[in-house]
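Convention: sequence-line order gives letters A, B, ...; per-chain numbering from 1.
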Protein chains: 2
Amino acid sequence: MRLTRAGEYAVRCVLYLSAKGKGTLIGRKEIAEHCDIPDKFLAKIAQQLARVKLIEISQGARGGYVLKREPRDISLLEVVEAIIGEIALNDCVTSSAVCRASGNCAVNRVWIKVRNQLRDTLAGVSFAELLTEDSCFLAPVSVPLDFRGKPKR
Amino acid sequence: MRLTRAGEYAVRCVLYLSAKGKGTLIGRKEIAEHCDIPDKFLAKIAQQLARVKLIEISQGARGGYVLKREPRDISLLEVVEAIIGEIALNDCVTSSAVCRASGNCAVNRVWIKVRNQLRDTLAGVSFAELLTEDSCFLAPVSVPLDFRGKPKR
DNA sequence: TTTATATAAGACCAATAAGGTCTCATTTGT
DNA sequence: ACAAATGAGACCTTATTGGTCTTATATAAA
């Protein structure tokens, strides 16, 4: 696994929307500009976020994106996996096609362990938490105090 | 980071050499065949392992590879990083070029944390340990009892 | 109801990295 | 000297990433 550019952008986008608060409609261009994401590329990424119900997209004039859940209930893991799929650090873990011994392999067991560890840690970080610290924004954004807390899952 | 095919092959190779024991000369073809690694590709990988002194290569007729350290002192991390370089899960962690806020970014701090966690876990697994369980071999290999234990680092 | 402003969906393209091969040189045992 | 092995790096092919473009559709406002 690797946090691809698309994944990185998705995190920035959700972080920006989180700062604005759940339910606030924000135009795509504003996000793109503010978070330094190529406009059209963001459109593609947003569709994936919408598919997993993290955001809602409204079309037409004055359209844009709306965060559908509270930042404290959104984990880093969710956003990342919405874009790059379920995290796997190697092929063996997901498919036994590569390694004939797979399924009963000591090396594989280690990879499964570190993968779970990684996922657990990412699952434990909410966007509300991320907002309480300086983040990857290009310009400062005001952060409402009530968007702080731990994720439910 | 992702365990590439090359990294996977390197692990298999060192595991095979570990089973044979430190100091035992094994021909490249034997390893390639036994571990299901493309012969020429193994040559390339072996050079990287030699560069970090994990193995020694002898040329000429009856040449091959020799494990230079005890399996209990070789960690999974070492072998993996010998091939794919120091593990980094995203660009931000390594270079601040991508993310302008880098260095003081909450998201980045999370990635650094999970990366360290991952490296620590891999560093804690020795090849001796891996040998005590069924591994990614295509055919069974006898495992000397004295190659079992924890890695020094 | 027309027009301007947005996004939708997916085809498409360029750049990079992964996976692997090939060639020519060098080394070493016999 | 010769055969059997590896060294080093150029080179090729394929997959993935990162991103754009085009056509269609939706909506607010004039």
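Between B:Q47 and D:dA8 there is a side-chain polar atom (N or O) within less than 4.0 angstrom of OP1 or OP2.
Rounded to a whole Å, the NZ atom of B:K29 is 8 Å from the C1' atom of D:dA4. Nucleotide D:dG7 holds its P atom 7 Å from the CZ atom of B:R28, rounded to whole Å. Computed from coordinates, the A:I84 CD1 to D:dG18 P distance equals 10 Å when rounded to whole Å. Rounded to an integer number of Å, the gap from CG of A:L25 to C1' of D:dT27 is 12 Å. Atom pair A:I31:CD1 and C:dA6:P shows a separation of 13 Å (rounding to whole Å applied). Note: OH (B:Y65) to P (D:dA4) measures 18 Å, nearest angstrom. Here the C1' atom of nucleotide C:dT7 and the CD1 atom of A:I26 are 16 Å apart, to the nearest Å. Between the C1' atom of C:dA8 and the CD atom of A:Q48 lies a distance of 14 Å, rounded to the nearest Å.
A tilted orientation is assigned to the rings of A:H34 and A:Y16, their planes being inclined by 30° to 60°.
Side-chain contact check for B:Y65 versus B:E56: every heavy-atom pair is 4.5 Å or farther apart. No side-chain heavy atom of B:T24 sits under 4.5 Å from any side-chain heavy atom of B:V66. For the pair B:V79 and B:V52, the minimum side-chain heavy-atom distance is 4.5 Å or more.
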Inset, instruction - Summarise how protein sits on nucleotides 18-30 of chain C as a single string, 5' to 3': B when a protein heavy atom is under 4.0 Å from the base, S for sugar-phosphate-only contact, - for no contact. - result: -SBB----BBBS-
Inset, instruction - I would like to know whether A:E8 and A:R12 meet salt bridge (charged side-chain N to carboxylate O under 4.0 Å, His left out); could you show each step before the answer? - result: CA-CA 6 Å; A:E8 167 76 30; A:R12 283 191 210 175; 3.4 Å; yes
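Of the two residues near DNA chain C, A:R51 and A:G63, the one whose nearest nucleotide lies more 5' is A:G63.
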